[in-house]
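All remarks here apply to the structure that follows.
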Amino acid sequence: MPKKVENVGCPYCGVCCDDLVVTVSDDGKKILEVENACAIGNQIFHHATGGERIRLPRLRQPDGSYKDISYDEAVDYAAKVLHNAKKPLIYGFGSTNCEGMAAAAKVAEKAGAVLDNCASICHGSSFLAIFDNGYPSCTLGETKNRADVIVYWGANPAHAHPRHMSRYSIFPRGFFTGKGHKSRKIIVIDPRHTDTAQVADIYLQVKQGYDYDLFNAFRTAARGHEIPKEVAGIKREQILEVVEIMKKARFGTIFYGMGLCHSDGRNHNVDIAISLTRDLNDFTKWTIMAMRGHYNITGPGAVWSWQYGYPYCLDLTKKDIAYMNPGETSSVDLAMRDEVDAFFNVGTDAGAHFPIEAVKHLKKHPWITVDPNICMASEISDLHIPVGIVGVEVPGIVYRMDNVPIQYRKVIDPPEGVISDEELFERIHKRLCELEAEEAAKGQVKAVPEGIRAESEP
Amino acid sequence: MKTVTLTLTNPSELLLEGQNITPDNFAGKKAAEIAALDVWEGKQKSPLGKYFTVEGDGGATAAETKIVLRGDCTRVKRIGQQMTAGEIVIDGNADMYIGGWMKGGKIHVKGNVDSFCGIGMEGGELIVDGNAGSHLGSSPRGEWRGMKGGLIRVAGDVGNDTATFINGGTIVIGGDADIHVSTHGEGGIVVVKGNAKGRVGGQMVKGDIYVYGTIENPLPGFSMVGEVEQEVDGETARFAHYIGDLGERHPTSKGKTVYANIYTRI
Amino acid sequence: MSELLIRNGFVFDPLQGIKGDRMDIGVKDGKIVETSALASPKTIDAAGMTVMAGGVDIHSHVVGPKVNVGRLFRPEDKLFKSPLKRCSRMEMGFSVPSTFKTGYDYARMGYVFVNEAAMPPLHSPHVHEEIRDTPIIDNAAMPVFGNNWFTLEYLKNNEIENNAAYTAWLLRATRGFGIKVVNPGGSEAWGWGLNCVNIHDPVPYFDITPAEIVKGLIETNEHLGLPHSVHLHANNLGNPGNYVDTLESLKLAEGYAPKNDFGREQVLHLTHLQFHSYGGDSWGNFESRSKDVMDYVNTHDNITVDMGQVTLDETTTMTADGPFEHHLCSLNHLKWANVDVELETAAGVVPYIYSPKIKVCTIQWAVGLEIALYAKDPMRTFVTTDHPNAGPFTRYPQVIAWLMSRAARDATMKTFKWLDKTIDATSIDSIDRELGLYEIAQMTRAGPAKALGVTNTYGGLAPGMDADIAVYALNPEDMPSDPAAIEKAFARCALLVKDGIVTVQNGEVVAEPAKRTVWVDVKVPENAQVQRDIYEHFLRHYSVKLDNYSLFEEHLHNPRVIEVDATE
Amino acid sequence: MANRITLNMITQRSIEEGVAMEKGKTTPEYFEACSIIEMHDDDVKALGLVPNQLVRVTSECGSVVVKAVKGRQSLYPGLAFIPQGVWANQVVPPRTQATGEPQYSGFPATVEPVNGERRKSALELVQGAVGLWRGDQ
């Protein structure tokens with residue numbers, strides 16, 4: 001009899017749907033059906049048992065091909081790379097659990113590495129804004145139960161967070177919002193008329209890159225001052241109309257996305273969005289929330305904050321004190337400035353998602369990928385270490401986009417022999433301690449990692 | 001005043017962090033002791049002498065110590081960080097954080113500098129003959145008490161986020177400024193002698209900005225209130241006077257609301 | 001079979017009434033034993049030193065979401081402010097230290113048990129993750145109930161039994177310790193940007209008043225017979241003239257008697273009393289009314305309080321009192337974080353600078369000390385700074401020095417810009433009382449342990465209790481004349497034994513024994529209605545599934561469960 | 001008719017990209033979802049493109065060949081869109097305004113029709129950039 005696993009968390013986006021029902025085959029080896037998931041979440045579960053999985057670490061050979069090696073060998077190689085580099089960079093963690101992130105931090109602290117996560121190229125700007133201006137936010141259930149005005153600004157949940165609108169914001173009926181969609185005003189602000197804009201009551205086509213100016217106009221108008229006839233492509237009347245709606249809301253939430261974080265001004269677009277939210281709280285209740293991308297990309301920000309006080313871009317190279325300054329200690333800047341000499345890509349795909357120039361810089365040095373799947377990063381690595389898929393094969397706590405921890409379950413076993421991120425990092429940590437002890441015993445002789453890197457200088 | 005000359009003869013592979021290169025740390029030390037001070041290349045801590053040849057001894061106090069850096073310091077960070085007195089001359093370029101958290105003394109960079117120079121500055125002078133990167137005279141992350149005092153002078157262009165959270169002091173830019181000047185400012189003076197791209201004075205509470213050229217995209221939160229004649233950096237000129245950021249909170253003083261000012265030269 | 005003999009110290013154990021007698025303390029297998037039970041112990045000489053039980057903190061914000069927001073959004077709280085690594089993990093931060101620094105710093109001060117003052121139930125897995133990463137000290141965490149929709153509905157209808165069943169369920173779901181109430185009704189009102197500023201302000205929609213919430217929760221608490229009492233952060237925190245509301249809140253406990261098997265004698269703990277003892281009607285005529293409040297506390301045995309002492313630092317305020325934090329940020333204009341938690345609570349975080357140059361701050365400083373110095377029964381008034389709200393917990397040694405030494409208070413007052421005005425608005429200058437080591441032991445371990453109902457394990461040195469022993473380099477027969485020496489001795493204990501393991505020596509952490517999570521498991525009769533209500537709210541209003549809400553066993557770390565049977 | 005225009009480029013997630021990415025970055029689905037560009041009709045007309053014609057996109061730091069398609073989500077004239085992913089990142093400038101975040105959106109790129117060129121696969125682009133591409137195996 002196939003077995004149904006209920007209340008399964010989805011390891012795709014920051015919406016962290018935890019209502020999936022997954023049907024597993026008799027022998028517990030095959031995922032047969034996934035209910036309640038969006039198209040993307042669905043794909044993740046089916047992909048886990050659908051095709052061939054990598055079951056052993058693979059080490060790059062002189063001819064450029066990969067050779068399977070044991071986990072012990074991989075752990076040894078990885079530990080030596082970390083140990084010998086002057087400034088290794090450990091990056092990723094969009095798709096692992098918090099237990100894995102805590103273990104990786106222990107490794108980074110021991111190795112004197114820079115520890116960074118995907119927020120660095122995603123919602124890192126939000127952190128910068130939060131540092132400067134705070135974060136008047138709420139949990140998603142608050143929005144569902146109370147909100148009568150929703151703003152999506154530079155965010156396109158129809159594509160990036162497929163169930164966000166139905167679970168939390170536009171459509172659900174909550175405690176004080178019994179009429180669901182009918183009782184809510186939806187405002188979408190985006191340079192593109194996105195699929196999200198299709199469901200908006202009001203759509204403002206902001207000129208790309210001028211969000212800050214538009215926020216500035218909103219704030220100025222909210223305080224009763226004159227504004228120009230047109231700002232960022234939006235007519236004054238429309239700005240005033242939206243300002244009135246916002247001021248008269250009972251409870252509003254601004255959801256914002258990469259449209260703010262990826263364009264000119266980055267953090268200040270978010271910063272001024274927060275200022276607007278603060279202003280609106282003088283009139284009524286408003287909250288703001290970052291549309292965090294991966295299902296647990298909020299996780300490293302949480303874990304590393306309680307461990308070190310910084311959510312990302314942690315420079316642990318001094319080994320006795322942590323430092324953070326995005327723009328310097330952020331992965332892409334470190335790459336472009338040739339500041340690091342080894343790269344660990346963990347649970348993400350820097351090969352596909354970094355600008356190719358940054359990839360080329362990083363590739364001058366050893367590159368190790370830890371990921372369940374074949375991806376661009378794994379295909380240019382010196383070492384690829386497969387691990388179990390969190391949320392499918394490995395349980396653990398993940399943090400939803402509103403910082404609510406969700407306990408994820410295991411649906412099936414990982415392929416035989418494949419270990420979890422947490423176990424991998426615990427083993428690397430142990431090996432690092434041994435290397436340190438060996439070095440202390442021998443004096444200052446550096447061990448050279450075994451295995452040969454392909455000659456691949458671009 | 002005694003002079004210590006550091007010549008970068010053995011450049012690092014990665015970037016070098018030289019927060020110990022300050023008159024405060026060199027004062028009272030012989031050349032050999034200075035060469036033994038720590039610098040960091042990633043996690044590797046080494047003596048300064050591994051990368052630099054050191055000539056000359058430090059003065060008795062920081063104020064009596066001058067440091068001259070020769071060689072290509074493009075990849076040396078944090079020179080003059082937290083210095084309180086004395087002088088540093090960098091013959092060419094330097095990297096990030098030059099004069100960061102500086103309290104006194106003078107730094108003269110004859111080339112370009114990278115980002116975060118003069119951040120958290122409280123006093124002293126930072127002179128850059130070339131260009132500067134982002135976050136010149138800005139505040140460190142999360143700190144609302146930005147630049148408090150001192151003078152920064154950059155002859156060339158600067159990157160984005162100049163003087164974020166500025167509370168005091170003066171920044172004079174000879175060339176153009178990229179977006180965000182004095183964002184969240186609550187005091188201080190920024191002079192841009194070239195053009196400014198946009199987002200000048202956003203979320204600004206108090207303080208003054210002068211732009212001699214044009215502001216490509218002025219913010220809607222600033223409103224023109226008249227024309228004034230003012231003396232700026234030794235010369236007198238006529239300016240259009242704008243107040244703002246009208247979207248931001250503003251304190252009142254003696255019953256009048258205090259705004260931030262932008263002056264653009266007519 | 002590890003055995004220790006701590007010899008010849010001056011022992012202060014208020015739970016046993018031991019007042020500085022020279023005694024030996026025996027330790028075997030993690031427990032305190034009669035010295036006669038030891039075979040071949042390792043001996044530690046404590047001659048000329050003070051021996052107390054490990055410290056117990058009744059109210060501190062050390063783990064959980066708002067604490068972590070405080071860490072995350074204040075990088076400037078770490079820059080040039082973090083010590084270099086001395087223990088196995090880095091120690092970061094000043095006002096909101098990292099979990100590691102929290103554990104190490106408490107241990108260095110001789111503390112072993114810290115009660116997290118507010119756990120949003122929805123976030124309990126986060127709280128427990130941080131507990132795991134907080135070394136050495138044992139932790140408990142109190143879920144917040146004062147704005148919880150279930151609680152509001154049950155208490156509105158006066159359904160104490162249902163509320164008790166729900167409370168028992170939530171304590172188990174979150175592995176929580178007791179009933180915390182923060183600004184009852186006010187944080188729910190904050191969901192609409194509103195507040196309940198006095199105890200008779202009705203809560204929007206729910207049609208119940210803060211007074212009814214508090215009384216209902218006291219009844220619930222005593223109905224269940226929990227180890228700890230209701231733990232209340234009263235309405236109208238931090239405002240001039242609020243002592244009136246505080247007295248009204250305290251009076252809600254009148255007529256209630258404690259019912260429990262844990263030795264607890266109060267029915268209400270009113271926390272950080274300092275923030276609630278203000279007179280005047282504006283910041284201009286702001287003044288201390290600690291005397292009025294403490295007169296009431298002194299004459300009512302069923303109440304305990306803690307100080308919430310302002311330490312005159314730059315710190316980070318954080319509370320489930322969402323409207324208060326919004327109010328605060330509109331005063332100081334600094335960054336403001338807010339998290340409203342669906343159906344349950346809210347929270348806000350704002351940095352704050354208590355400056356000796358600002359009159360309100362120095363008055364607040366005096367109010368806190370007055371509360372402790374006016375206390376007739378030190379077993380009912382406890383040392384806290386409401387960490388990090390009035391100051392970081394690492395200032396406890398300084399607070400102790402202020403309490404033990406008029407000279408220490410005078411030295412601090414000399415730094416005040418508005419000294420005369422502070423003296424006029426307070427009575428601190430007229431108080432000569434200096435507390436002794438016995439009273440400090442009452443206020444920092446025996447008293448809090450008793451109020452928490454954990455005196456079978458914590459807060460004392462009787463055989464059978466946990467071997468948690470702090471030794472301070474202070475000779476009660478030859479106390480230092482310089483109060484700085486007192487502060488130093490309490491900041492870095494000479495020795496901390498935790499669970500029988502030597503953990504701190506000469507102020508340095510030398511071992512990291514396994515820490516515990518202390519929680520309360522209450523057995524209640526089956527209650528179909530409450531089960532149905534829970535099911536309904538999760539189906540319709542929560543954003544997570546019921547089955548994913550209760551803490552999974554694997555996320556509970558080294559539990560110590562206190563069992564309560566409320567089925568009778 | 002211009003044979004080359006400069007547009008303001010943005011790169012963001014699309015659901016097709018999301019689904020295909022989880023299937024695998026070496027799949028045909030990923031290739032079709034990501035190696036495309038969307039423009040406003042005016043710009044398509046200005047370039048004289050026929051539907052599904054290949055174009056070369058060139059920015060300050062690189063160049064890539066993608067297929068010009070008509071998207072559901074409309075843009076205004078002068079704005080162009082490539083879904084985030086391997087093709088977009090061939091042209092995304094790595095400059096970060098000292099924030100850590102590359103200029104994924106809002107950078108100038110020229111677009112011109114190409115003849116006789118093909119779209120490269122994800123693997124060819126990434127492995128090729130780092131000298132590991134050994135041709136289709």
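The sequence lines fix the lettering, A, B, ..., with proteins before strands; numbering per chain opens at 1. Predicted model, so just to flag it, every value in this text is computed and none were measured.
Looking at C:L551, both its backbone and its side chain come within 4.5 Å of chain A, counting heavy atoms on both sides. With a 4.5 Å cut-off on non-hydrogen atoms, C:P65 does not touch chain A at all. Only the backbone of C:S88 comes within contact range of chain A, judged by heavy atoms closer than 4.5 Å. Residue contact with chain A, scored on non-hydrogen atoms closer than 4.5 Å, involves the backbone and the side chain of C:R89 alike. Both the backbone and the side chain of C:H126 come within contact range of chain A, judged by heavy atoms closer than 4.5 Å. Contact annotation for A:L316: both backbone and side-chain heavy atoms come within less than 4.5 Å of a heavy atom of chain C. With a 4.5 Å cut-off on non-hydrogen atoms, C:S550 touches chain A through its backbone but not through its side chain. The part of A:Y408 that comes within reach of chain C is its backbone (N, CA, C, O), which places non-hydrogen atoms under 4.5 angstrom from that chain. Residue contact with chain C, scored on non-hydrogen atoms closer than 4.5 Å, involves the backbone and the side chain of A:K106 alike. In this structure, no portion of A:N325 lies under 4.5 Å from any heavy atom of chain C. For a residue to count as touching a neighbouring chain, one of its non-hydrogen atoms must lie under 4.5 Å from one of that chain's; by this rule A:P172 does not touch chain C. Of the atoms belonging to C:Y549, it is backbone heavy atoms, and not side-chain ones, that fall under 4.5 Å from chain A. When heavy atoms are compared at a cutoff of 4.5 Å, C:L546 does not approach chain A at all. Only the side chain of A:Y168 comes within less than 4.5 Å of a heavy atom of chain C; its backbone N, CA, C and O stay farther away. The part of C:Y542 that comes within reach of chain A is its backbone (N, CA, C, O), which places non-hydrogen atoms under 4.5 angstrom from that chain. C:E554 touches chain A through its side chain: at least one heavy atom from C-beta onward sits under 4.5 Å away, while N, CA, C and O do not. Only the backbone of C:H333 comes within contact range of chain A, judged by heavy atoms closer than 4.5 Å. The contact between C:H123 and chain A is made by backbone and side chain atoms together, counting heavy-atom distances below 4.5 Å. Looking at A:I406, only its side chain comes within 4.5 Å of chain C, counting heavy atoms on both sides.
Note: C:Y205 and A:F175 have perpendicular aromatic rings, judged against thresholds of 30 and 60 degrees for the angle between ring planes. Ring geometry for C:W149 against C:H541 counts as perpendicular: the plane angle is over 60°, on a 0 to 90° scale with 30° as the lower cut. A perpendicular orientation is assigned to the rings of C:H387 and C:F393, their planes being inclined by more than 60° (bins at 30° and 60°).
Using modelled atom types, one side-chain atom of C:K78 and one backbone atom of A:G309 make a donor-acceptor pair closer than 3.5 Å. In this structure, C:K515 contributes its side chain and C:I137 its backbone to a donor-acceptor pair below 3.5 Å. Formation of a donor-acceptor pair under 3.5 Å by the A:R163 side chain with backbone atoms of A:C16 is not found in this model. Under a 3.5 Å cut-off, the side chain of C:S82 and the backbone N or O of C:G93 do form a donor-acceptor pair. Between the side chain of C:D313 and the main chain of C:T315, no donor-acceptor pair closer than 3.5 Å is present.
From A:Q407, atom CD reaches atom CG of A:N97 across 12.5 Å, with rounding to the nearest 0.5 Å. A distance of 12.5 Å separates SG in A:C13 from CG in A:N296, rounded to the nearest 0.5 Å.
Per-residue heavy-atom pair counts under 4.5 Å with chain A were compared for C:E342, C:E130, C:E325, and the maximum is reached by C:E342. Considering only heavy-atom pairs separated by less than 4.5 Å from chain A, the leading option among C:N338, C:V339, C:V350 is C:N338. In terms of heavy-atom pairs under 4.5 Å with chain C, the best-connected choice from A:D402, A:I130, A:I397, A:D282 is A:I397. Highest contact tally toward chain C, considering only A:F283, A:F127, A:Y310, is held by A:Y310 [criterion: heavy-atom pairs under 4.5 Å]. Top candidate by heavy-atom pairs under 4.5 Å with chain A, chosen from C:H555, C:E76, C:H537, C:R74, is C:H555. Here C:A337 is the residue among C:A346, C:A337, C:G193 with the most heavy-atom pairs under 4.5 Å with chain A. With chain C as the partner, the residue from A:D320, A:T284, A:L140 showing the most heavy-atom pairs under 4.5 Å is A:D320. Per-residue counts of heavy-atom pairs under 4.5 Å with chain C were compared for A:R400, A:K319, A:R167, A:R278; the largest is that of A:R278. Across A:A302, A:G9, A:P395, A:G301, the residue that shares the most heavy-atom pairs under 4.5 angstrom with chain C is A:A302. Chain A forms more heavy-atom pairs under 4.5 Å with one residue of C:S98, C:P97, C:P351 than with any other, namely C:S98. Of the listed residues C:M90, C:R540, C:R132, the one with more heavy-atom pairs under 4.5 angstrom with chain A than any other is C:M90. Of the residues considered (A:R250, A:Q307, A:K144), A:Q307 shows the highest number of contacts with chain C, using heavy-atom pairs under 4.5 Å.
In this structure, a donor-acceptor pair under 3.5 Å is absent between the side chains of C:E314 and C:Y352. Looking only at atom types and distance, the side chain of A:T143 has a donor-acceptor partner in the side chain of A:T253 under 3.5 Å away. Of the N and O atoms on the side chains of A:T177 and A:S183, not one donor lies less than 3.5 Å from an acceptor on the other residue. For the 3.5 Å distance criterion, the side chains of C:T345 and C:N147 fail to qualify, holding no donor opposite an acceptor.
A centroid separation of less than 6.0 Å is found between the aromatic rings of C:Y166 and C:F150.
The number of heavy-atom neighbours closer than 6.0 Å to OH of C:Y535, taken from other residues, nucleotides and ligands shown, is 12 or below. A 6.0 Å sphere centred on NZ of A:K248 holds no more than 12 heavy atoms belonging to other residues, nucleotides or ligands.
No salt bridge links A:D132 with C:K335; every basic N to acidic carboxylate O contact stays at or beyond 4.0 Å.
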